[in-house]
Each structure stands twice: as structure tokens, then as C-alpha cells.
Amino acid sequence: MSPEKPTTERASDGDKLPNFVLEAVQRDVAEGKSGGKVMTRFPPEPNGYLHVGHAKSICLNFGIAQTIPDAVCNLRFDDTNPSTEEAEFVRSIQEDLRWLGFDWGKRMYFASDYFEKLYGLAVALIEANKAYVDSQSLEEMRLGRGSFYKPGQVSPHRDRPPAESLALFERMRAGELADGSHVLRAKIDMSSPNQNLRDPVMYRIKREHHHRTGDTWCIYPMYDFAHGYSDAIEGVTHSICTLEFENHRPLYDWFLDQAPFDPRPQQIEFARLNLTHTVLSKRKLQQLVAGKHVSGWDDPRMPTLAGLRRRGYTPEAIRAFCDRIGVSKRNSFVDVTLLEHAVREDLNARCRRAMGVLRPLRVVLENYPEGEEQSFDAPWSPDDPARGSRRIPFSRVVYIDAEDFAETPPKGWFRLSPGAEVRLRYACIIRCERVVKDEQGKVVELRCSWDPDSLGGNAKDGRKIKGTLHWVSEKRAVPAEVRLYDRLFAAEHPGEEGDDFLEEINPASCEVVTGARLEPALAGAPAGDRVQLERVGYFCVDPDSKPGAIVLNRTIGLRDSWGAKQKK
RNA sequence: UGGGGGAUCGUCUAAUGGUAGGACAGCGGAUUCUGGCUCCGCUUAUCAAGGUUCGAAUCCUUGUCCCCCAGCCA
């Protein structure tokens, strides 16, 4: 059977857009910053599955490492909040990253690897009188922080002697103090117009089991404190993050000012991906899973990498998409048709073709001898004969798709209708002689004749046949369940005006067709196998498939200019 | 009443003082044993107003609009 044609070289490389982050890094290299070294990192928090928005960040960070000689990209799990993080997500993130095609070598790290070092850094800040233990309540701290327009008030504990803070901090670590009773804060500027600088919390007490450190710690560092130092500890030179951290950069820099590292990492922000007809916020994806609105993180309608994979998307298509959307600082919504285009383009080049009928309509060829059978040769890839062919069995009764017949055809119809001729792909020409209906008047069978002089599909007398239909032999077809997926949200911007996005789930986003029939060559196709069903779309064999009960997921339909025209 | 960012075709994104280009989407056509693919063509943009300049998307001034920030989340 024709294997998929690999498209790694073709689809993903070559049309990378230049972007301002890469250019900034290249400038730094040219100027000899950090001794010309470049190290980036991809820092997921293990509290959910990776999605196509992460893919943008992954392609950026790993892409820079691949573009610049000797540069590397680390994988670092930002696991500083044990309340939400799980080992299962650590596993899935690695799996998805590998699947996408990126390799972090031996450089897989965890912020939790640095807990002891970070504790030491915190102690040093206390000793330098740059941090203090605050004993205010959460509410008092909130009030004390002021507002956008009002400067904050200093904490009554702000001038606590370093020795006293140190003693308290040690007791925090030792588990002698209750959750929430104390925090360690950086001593910066309570009246800063940037609220991130109003003595941000560095450590909180949290008696939670950590997926890696277990119960070793009951205090955990906050993002702003942990992230920059984790970068610095690893030797990261360029810490690339999304726009909402722009306000945090002064704090990122402040921490680095207190304990100079070489190289000193630099934070650069870019706009996260937004996609039309899609939700990408971790909270909303969690809601979809937790509320069982989808079958799981890998539901083929999910924008997660696991979901896209199960749907039949290829890593090359996702990478090509990421390369093409570019990187900038503008808040934007990428049209989901661009993603759909990327996957069609890749699948068109790599998938073999086969025939399958979603909604079978029985066609009896009255002038074909009963009990006889023949077969036709059909290339796996008409555009590339080198990929071989298979035989397709043919006999007196075949199925065509119900939607390829119209009793009263609209203008421009060149599929089957009473009295009309069409070609059965690779087989022969047939004419519809009679329509058989049930008591309700529903068409249940077509009585047709075939032209024995059209073997292979071309008429001996040279007459042109405009319509070509896909078909399967009744006797030899294999049954299949086909899951027709569509966008999870019909609305362009789900939940836009405060609407509940859950109520905007497209009820037609998953249509299960149970009576489909496939050509026999598809029997036994393994899970993950992809194929184009000619004239229908691209499909991927679902892991739910059992021997003799194949399940296909529709990745994406073919472009349909006829259907589009009909809609107008 | 604050601070930080951002405004280029319908949507993304280039042009870094010198022809506003590409991709997607849309429309039309050619080709076709997939109404697919491919090929060809077309439509459409510099937030506004002033200024500097031979020349401005780009520099200056003044506005306008959009996004982010008041977690012991990341």
C-alpha cells in the first residue's frame, strides 16, 4: 500500500517570514552580546494540554534555535504552583512537542529543580534588605496595593529588620506558619505607577503536594521571582513571552539587577495567537473538557495538539501555519481558514487517494451479468503514478453517494439524474434508467445500465462525460463509521459579548455517519493512517477503530466550489 | 485621575526616507476521469489632521481608537 509521502522539506521550510524577534536576536549576535551565545526556552506550565497557540511560541523559540548556529532551546516546565499542575500534563506536553517535531535534547528542566537555589536567592535578597516578610492578610495587602490611580501604602512590616524577616522566612519554610499568614515580598516601590513594582509577592505558603517535589516544600515561589532567575540559572539569553507580560519586564529586570548573572537574559514579548471560530484560553479549554462538552483534551474538535493530531492534522501543516502567520506585537485574530488551508495543502501532497461512500445509494446495473466480477486498476495517487496502484473490484451492484443523485437536477448539475450518464471513477460509464422508491417516496435504489465499451472510464465513441462519481462494490465494500467534524464554534468570536461561549458550541460540529462503505483496500488501515476519499475529503483512522469496524475522522473536506455556488 | 503596548487590503503580514508587496479569503477564467489539485487574471489597505522633505507607512506635532495591568495564577 502506498505510504504517505513525507512532506517535511516541502511544507514547512522555506516560507518562514522574517520577524522582529528573530531580527532582535540576530542583532544581538552581530553585536556579540552574551558572547554571541543564544539560548531560548519554551516554558509551559504543566496544567493543561498544549494547543495551536503554544505551537506558535514553540515554533518561534525552537525556530530561533534552529536558525542561529549553535543556538539551543530548552524545555522548562514552569511548575511553581502545585495547586493546578499534574504529572499527566508533563507527559502530554513532551509527547506533543516531540510530535510537532522539536527536540530539546537533554535540556529538559523544571522550575522546581531550582527551588533550593531560588530559596537561596531569596535569602540573599532579605539579607540585602531588598525583601521582607509581610504578615498582613490577603485583604490588607490588596487594599495596601492601591489602584491604577492611587499609589499603594507601605506595609507596617516593611521595615522589619532583615534578621527578623529571615527568621520568619525560615519558619515559613519549616512549616511553622499557616497558609496565607505570611508572604515574602520584594521591597521595591509601593507608589510605582507600575503595580507590578509595588512590593510583589515572591513566596507564599501553600501546603500542596507538588508533582515532583512531593511534600518537601510548603512555600512556593511566584512567577515573577522564579521565572527570570530560572532563565538566568539555565543561561537563557532571550526569554520570549507574550504581550501580557510586558508590564512585568521592569520587574524581570529588577530581580536580575539584584543578582547579576552572565549572560543576562532579556525578555521580549510578542502577540499570542488568536484564531477565529476557536477558543484558546486555557480556562475555556479546561471548561470544555471538565463539562464534557467534548470527549477529552484530544477530542478531534479541540485546538489542542492532541486533538488536531487525532483529527488528522500533520505536524508539518501546523508548522507551516505557524511560519506563515508571522510574529508581531499586534493583537490579532488569524482566520481559521489559514489553518485549514495549511492542512489541505499538506494532505493534498502526502495522502493517497481511495474511494468511500458516506451515505450509500444502491445502484443495480441491469445489463451486467449476475454473479460476475471484474476489477479495475486505480493509482493511489493520480498525480504521482510512481506511488503505485491497487485493484478495485466491480460487479453488478455498487453504491454511490446519495448526494450524487438528484431526481430533478438543478442547473449546472453533472452528477447522476434520471436518463443521465456519469462515469464511475476508473471503471465505466453508467446511465440511470429507473428510480426505485419506497412507500414514502424516498429514493432507495437506482436501476442503471453500464456501457461495456467504456472499460476504464472512457467511451469508445469518444463522447465526453462530464461527471465522475466515486463508488464501491456492494459485495466487497467494508463498513465504516465516519465522524464528520466541523468547527466547534460557528460564531467567529465565541463568547464575544459576554455571551457564554459554551452555548455557542456548534451542534453540528460532530456528525457521526454509521453506514459508510469503503473500498476493500482500506480494510485494516491502522489508527493514524490518513487518506483522501476522492471527492469527499481527507480522513484519518481513529484509534477507536476495531478489526472489521473502521472509524474515520474527517480532518477537513475538500474545497467545494460546487457546494459554495449552490449556497448563493 | 495612572502605567505599559498597538494601529498597513475583509484577515494575517512585509516594506527600516525611494514602485505599498506576499499569503489566506472572495470573484472570474483555463485545465481536469476528484465540481479536488494546478495555472492565469481581478478587486481591496498605510487611523486622522497638520508639519519636515525633491520624496513619508516610515521622521516631528496634535488627536482618535483598540489591547494589557489593581492573584498569595502563569
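These values consider heavy atoms only, across backbone and side chains, with no hydrogens, waters or symmetry-generated copies. Proteins get letters first, then strands, A, B, ... in listed order; numbering begins at 1 in each.
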Participant: State the pairing partner of rC39(B); accept Watson-Crick or G-U wobble contacts with both distances under 3.5 Å, and report none otherwise.
Facilitator: rG29(B)

Participant: From CD of Glu23(A) over to P of rU13(B), roughly how many Å is that when rounded to an integer?
Facilitator: 14 Å

Participant: Would you say that more than 12 heavy atoms from the other residues, nucleotides or ligands in this model lie under 6.0 Å from the CZ of Arg272(A), or not?
Facilitator: no

Participant: In whole angstroms, how far is the C1' atom of rG22(B) from the CD atom of Glu345(A)?
Facilitator: 14 Å

Participant: If I pick the P atom on rC9(B) and the same atom on rA15(B), what distance separates them, to the nearest angstrom?
Facilitator: 16 Å

Participant: What is the nucleic acid contact for Gly412(A), judged by heavy atoms within less than 4.0 Å: base, sugar-phosphate only, or nothing?
Facilitator: base

Participant: So what does Arg423(A) touch, heavy atoms closer than 4.0 Å: a base, only the sugar-phosphate, or nothing?
Facilitator: base

Participant: Does any donor atom in the side chain of Glu534(A) or Gln532(A) lie under 3.5 Å from an acceptor atom in the other side chain?
Facilitator: no

Participant: Any Lys/Arg nitrogen of Asp451(A) or Lys460(A) sitting under 4.0 Å from an Asp/Glu carboxylate oxygen of the other?
Facilitator: no

Participant: For rG51(B) and rA70(B), measure between their P atoms and round to the nearest Å.
Facilitator: 43 Å

Participant: For His341(A) and rU38(B), give me the distance from atom NE2 to atom P, rounded to whole Å.
Facilitator: 7 Å

Participant: Given that Leu533(A) and Ser328(A) both sit by RNA chain B, which one's nearest nucleotide is further toward the 5' end?
Facilitator: Ser328(A)

Participant: When the P atoms of rC68(B) and rU46(B) are compared, how many Å lie between them, rounded to an integer?
Facilitator: 27 Å

Participant: Using every non-hydrogen atom in the two residues, find where Val336(A) and Thr276(A) come nearest and quote the distance to one decimal.
Facilitator: N-OG1, 2.9 Å

Participant: Give a yes/no on whether any side-chain N or O of Ser561(A) is located under 4.0 angstrom from OP1 or OP2 of rG36(B).
Facilitator: yes

Participant: What closest approach, in Å, do Glu403(A) and Trp413(A) show between heavy atoms, and which atom pair accounts for it?
Facilitator: O-CH2, 3.3 Å

Participant: Taking rA30(B) as the reference, what is the distance to rC24(B) when you measure between their C1' atoms (whole Å, please)?
Facilitator: 22 Å

Participant: Roughly, in whole Å, what's the span from CG in Leu558(A) to P in rU34(B)?
Facilitator: 11 Å

Participant: For the side chain of Pro382(A), counting heavy atoms from C-beta on, which of rG5(B), rC24(B), rU34(B) is nearest?
Facilitator: rU34(B)

Participant: How would you label the contact of Arg415(A) with the nucleic acid (heavy atoms, under 4.0 Å): base, sugar-phosphate, or nothing?
Facilitator: base

Participant: Rounding to a whole Å, what distance do you find between Arg324(A):CZ and rA23(B):P?
Facilitator: 10 Å

Participant: Need one value for Val327(A): base, sugar-phosphate or nothing, where a base atom within 4.0 Å counts as base even if backbone is also close, heavy atoms only.
Facilitator: sugar-phosphate

Participant: Tell me if the CD atom of Gln153(A) is crowded by more than 12 foreign heavy atoms within 6.0 Å.
Facilitator: no

Participant: What distance, rounded to whole Å, do you find between the two C1' atoms, one in rG26(B) and one in rA45(B)?
Facilitator: 16 Å

Participant: Going by an N to O cut-off under 4.0 Å, is there a salt bridge joining Asp404(A) and Arg535(A)?
Facilitator: yes

Participant: Taking a pair as Watson-Crick or G-U wobble with both distances under 3.5 Å, which nucleotide is matched to rA57(B)?
Facilitator: none

Participant: Using a 4.0 Å cut-off on protein heavy atoms (strictly under), produce a 5'-to-3' string for nucleotides 64-74 of chain B with B for base contact, S for backbone-only sugar-phosphate contact, and - for none.
Facilitator: ---SBBBSBSB

Participant: Considering only atom C1', compute the distance from rU19(B) to rC60(B) and round it to an integer number of Å.
Facilitator: 26 Å

Participant: Starting at CG of Leu251(A) and ending at P of rG3(B), how long is that distance when rounded to a whole Å?
Facilitator: 19 Å

Participant: Phe169(A) vs Tyr119(A) aromatic rings, parallel, tilted or perpendicular, using cut-offs 30° and 60°?
Facilitator: parallel

Participant: Can you tell me how far C1' in rC47(B) sits from the matching atom in rU58(B), rounded to whole Å?
Facilitator: 15 Å

Participant: Calculate the interatomic distance between His493(A) atom NE2 and rC12(B) atom C1'; express it in whole Å.
Facilitator: 13 Å

Participant: Side chain of Lys466(A) only, please: which of rA15(B), rU13(B), rU32(B) is the nearest?
Facilitator: rU32(B)

Participant: Using purine N1 to pyrimidine N3 plus N6-O4 or O6-N4 for Watson-Crick, or N1-O2 and O6-N3 for G-U wobble, each under 3.5 Å, what pairs with rA45(B)?
Facilitator: none

Participant: Kindly say whether, by distance alone, the side chain of Arg353(A) makes a donor-acceptor pair under 3.5 Å with the base of rU34(B)?
Facilitator: yes

Participant: Working to the nearest 0.5 Å, report the span between OG of Ser181(A) and CZ of Arg204(A).
Facilitator: 14.5 Å

Participant: Aromatic ring centroids of Phe245(A) and Tyr223(A) under 6.0 Å?
Facilitator: yes

Participant: Looking at every strand, decide which applies to Pro151(A) at a 4.0 Å heavy-atom threshold: base, sugar-phosphate, or nothing.
Facilitator: nothing

Participant: Expressed as a whole number of angstroms, how long is the span from Arg198(A):CZ to rG4(B):C1'?
Facilitator: 13 Å

Participant: Over all strands shown, is Glu340(A) touching base, sugar-phosphate only, or nothing at heavy-atom distances under 4.0 angstrom?
Facilitator: nothing

Participant: Counting side-chain heavy atoms from C-beta on, which of rC37(B), rU34(B), rG5(B) comes nearest to Arg559(A)?
Facilitator: rC37(B)

Participant: Does rC65(B) have a Watson-Crick or wobble partner in any strand here, with both distances under 3.5 angstrom, and which is it?
Facilitator: rG6(B)

Participant: For rG71(B), decide between syn and anti, treating a glycosidic angle within 90° of 0 as syn.
Facilitator: syn

Participant: When you compare rC37(B) with rG4(B), how far apart are their P atoms, in angstrom units rounded to a whole number?
Facilitator: 49 Å

Participant: With both distances under 3.5 Å as the test, what is the Watson-Crick or G-U wobble partner of rC12(B)?
Facilitator: rG22(B)

Participant: Any side-chain N or O of Thr468(A) under 4.0 Å from OP1/OP2 of rU34(B)?
Facilitator: no

Participant: Any base atoms under 4.0 Å from Phe333(A), or only sugar-phosphate, or nothing? Heavy atoms, all strands.
Facilitator: sugar-phosphate

Participant: Under 4.0 Å: is that the gap between some side-chain N or O of Arg535(A) and OP1 or OP2 of rG35(B)?
Facilitator: yes

